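Input: a single structure, listed below in structure tokens.
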Number of protein chains: 2
Amino acid sequence: MQSYTEENYLKTIYHLAEQTTNVQTNAIAEQMQTKPASVTDMIKKLADKGLVDYIKYQGVTLTEIGRNTAIDIVRKHRLWEVFLVDKLNFKWDEVHDVAEELEHIKSVELIERLDEFLGFPKADPHGDPIPDKNGRFAKTQFIKLIELKVGDSGTITGVSQHSSAFLKHLEKLGLTLGKQIQVSDVTDFDGSVEILLSNKQINISREVAKHILISSNGKN
Amino acid sequence: MQSYTEENYLKTIYHLAEQTTNVQTNAIAEQMQTKPASVTDMIKKLADKGLVDYIKYQGVTLTEIGRNTAIDIVRKHRLWEVFLVDKLNFKWDEVHDVAEELEHIKSVELIERLDEFLGFPKADPHGDPIPDKNGRFAKTQFIKLIELKVGDSGTITGVSQHSSAFLKHLEKLGLTLGKQIQVSDVTDFDGSVEILLSNKQINISREVAKHILISSNGKN
DNA sequence: AAAAATTTTTAGATTTACCTAAAAATAAAA
DNA sequence: TTTTATTTTTAGGTAAATCTAAAAATTTTT
Ligand SMILES: [Mn+2]
Ligand SMILES: [Mn+2]
Ligand SMILES: [Mn+2]
Ligand SMILES: [Mn+2]
């Protein structure tokens, strides 16, 4: 059994490991809003418990047990987010913080029944995949909107930034999950992207385009 | 803002105060499965925060702020229990422990929306009243089944014991909330009570009868 | 009212999760 | 390959919540 804090460390390491293989102490510290010295302490503890492999100065990797634990927390987080949006009518930008708390409730039965109650959803309100009870989930192939060429089209299926400010902005622009878009132009000056969205031309900044994930319809 | 632990102390003091005015250190310790010395430490802290009134050796009473906080936790606990039973099909004897965790999730919005989602229930699966968002709830007048005289009848509207063993036992006997009963005899030998329940005679021990709460139909 | 029993508090430690400051190791630049 | 910069670890300490053992206060019994 892990503490609330240990669970958060495992989850953070799991997310960081999606980008880099060896997760660095400083990266964990930044993500967890704590100090590198505290991270070192916790890493040692997690290593003692067999949840991470750790070589001094070389960063950490999750063991299989550690990764399974992390995936279970991610599963809970995402299921609760679905619950909040689908059943309690929260907006997609309002659910993250509450899910950060709910994900630590320890009851296998609760999560299985919640999953069933929600109809075994495959993705959360931000398009992130929900692992099943065995920790399996499809590795989704997203491409960043910024990487599309003029003429390419696709469907918005995810976001790589979950801040309320960003999500609210997308909502205002009408850029919500499931929407079809086509890139009509890329501005030389500032790299901003012009897209066609339900017959309207809209312009989005490079920064925004970086965090919108598209499942491509293939080239035009 | 209170810690998880402080919230549990407040809730415990609140429940104990339903029976005795001045809540004793030892009683809190027993309820919280901790030592009297720990309770003294925490009481001092709660007193410093203005949540309890405390005179050394004289026990504690909740201040208004303390009581309101406690009632809010009780509200959350009971709403989550309703959710678990009504929406996730838990049995009434399976919900308490999970609710003990869920009651500490801090989000006013979450609870208001949950309350609405559940249809603003007035009682939890054990018949206990659910405070509204202002902390108000009807003080229900229950009478213990054991206190009924032969010939008296009434409806089962609550239980004063929430252990899984007890609740499962009641379920097996068919003694669930809403059921009509009438006392047909009281055994001299062991004080057990014979009752009429949907045209069947059943015998329940004195111990069981003590923890079943009846809203009386008046004398027969 | 003394003695005995019970309840409550204090004193002193422990564990967990943090912190700051300084030392050590590694990586990057000159 | 030194020098410099960055990253990471160690050393030593704090605060919250707990504990055991012993002292103090209160209550109950004789
Ligand atoms: Mn989230
Ligand atoms: Mn999400
Ligand atoms: Mn309960
Ligand atoms: Mn209940």
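Note that the structure is a prediction, hence the values are computed from the model and not measured.
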Donor-acceptor contacts, no H, no angles, side chain residues 117-138 of chain A, under 3.5 Å, sequence neighbours left out:
unit_1   : atom_1 : unit_2   : atom_2 : d
A:Asp124 : OD1    : A:His126 : N      : 2.6
A:Asp124 : OD1    : A:Gly127 : N      : 3.1
A:Asp124 : OD1    : A:Asp128 : N      : 3.1
A:His126 : ND1    : A:Glu81  : OE1    : 3.1
A:His126 : NE2    : A:Trp92  : O      : 2.8
A:Asp128 : OD2    : A:His162 : NE2    : 3.1
A:Asp132 : OD1    : A:Asn134 : N      : 2.8
A:Asp132 : OD1    : A:Gly135 : N      : 3.1
A:Asp132 : OD1    : A:Arg136 : N      : 3.0

For DNA chain D, determine which residues of residues 3-18 of chain A have any heavy atom closer than 4.0 angstrom to one of its atoms, and list them numerically. none
Set of salt bridge (charged side-chain N to carboxylate O under 4.0 Å, His left out) partners for B:Lys168, sequence neighbours left out: B:Asp93
If you take any heavy atom closer than 4.0 Å to DNA chain D, which residues from residues 20-44 of chain A end up in contact? A:Gln24, A:Thr25, A:Asn26, A:Pro36, A:Ala37, A:Thr40, A:Lys44
List, with names and distances, any nitrogen or oxygen atoms from the protein found under 3.5 Å away from nitrogen or oxygen atoms belonging to nucleotides 23-26 of chain C.
unit_1 : atom_1 : unit_2  : atom_2 : d
C:dA25 : O4'    : A:Tyr57 : OH     : 3.3

A:Ala17: side chain to side chain contact (heavy atoms under 4.5 Å, CB included) partners, not counting sequence neighbours: A:Val23
Please identify each residue that fulfils salt bridge (charged side-chain N to carboxylate O under 4.0 Å, His left out) with B:Glu207, with sequence neighbours left out. B:Lys210
Please state how far atom CG in B:Leu46 lies from atom P in D:dA16, giving the value in whole angstrom units. 13 Å
Any pair counted as side chain to side chain donor-acceptor pair (under 3.5 Å), so long as it reaches residues 49-59 of chain B, sequence neighbours left out: B:Glu6-B:Lys49
Side-chain donor-acceptor distances from residues 94-110 of chain A under 3.5 Å, at least two apart:
unit_1   : atom_1 : unit_2   : atom_2 : d
A:Glu94  : OE1    : A:Lys91  : N      : 2.8
A:His96  : ND1    : A:His77  : NE2    : 3.2
A:His96  : NE2    : A:Glu100 : OE2    : 3.1
A:Glu100 : OE1    : A:Lys11  : NZ     : 3.0
A:Glu100 : OE2    : A:Lys11  : NZ     : 2.9
A:Glu100 : OE2    : A:His77  : ND1    : 3.4
A:Glu101 : OE1    : B:Lys106 : N      : 3.1
A:Glu103 : OE1    : A:Lys11  : NZ     : 3.2
A:Glu103 : OE1    : A:His77  : ND1    : 2.8
A:Glu103 : OE2    : A:Lys11  : NZ     : 2.8
A:His104 : ND1    : A:Glu7   : OE1    : 2.6
A:His104 : NE2    : A:Asn8   : OD1    : 3.0
A:His104 : NE2    : A:Glu100 : O      : 3.3
A:Lys106 : NZ     : A:Glu7   : OE2    : 2.8
A:Ser107 : OG     : A:Leu110 : N      : 3.1
A:Glu109 : OE2    : A:Arg113 : NE     : 2.9
A:Glu109 : OE2    : A:Arg113 : NH2    : 3.2

For B:Glu30, what residues pass the salt bridge (charged side-chain N to carboxylate O under 4.0 Å, His left out) criterion, not counting sequence neighbours? none
Under the salt bridge (charged side-chain N to carboxylate O under 4.0 Å, His left out) rule, collect the residues that match up with B:Asp115, sequence neighbours excluded. B:Arg75
Indicate whether the side chain of B:Thr187 and that of B:Ser192 have a donor and an acceptor atom separated by less than 3.5 Å. yes
Donor-acceptor pairs under 3.5 angstrom involving side-chain atoms of residues 65-72 of chain B: please list them, not counting sequence neighbours.
unit_1  : atom_1 : unit_2  : atom_2 : d
B:Asn68 : ND2    : B:Glu64 : O      : 3.4
B:Thr69 : OG1    : B:Ile65 : O      : 2.8

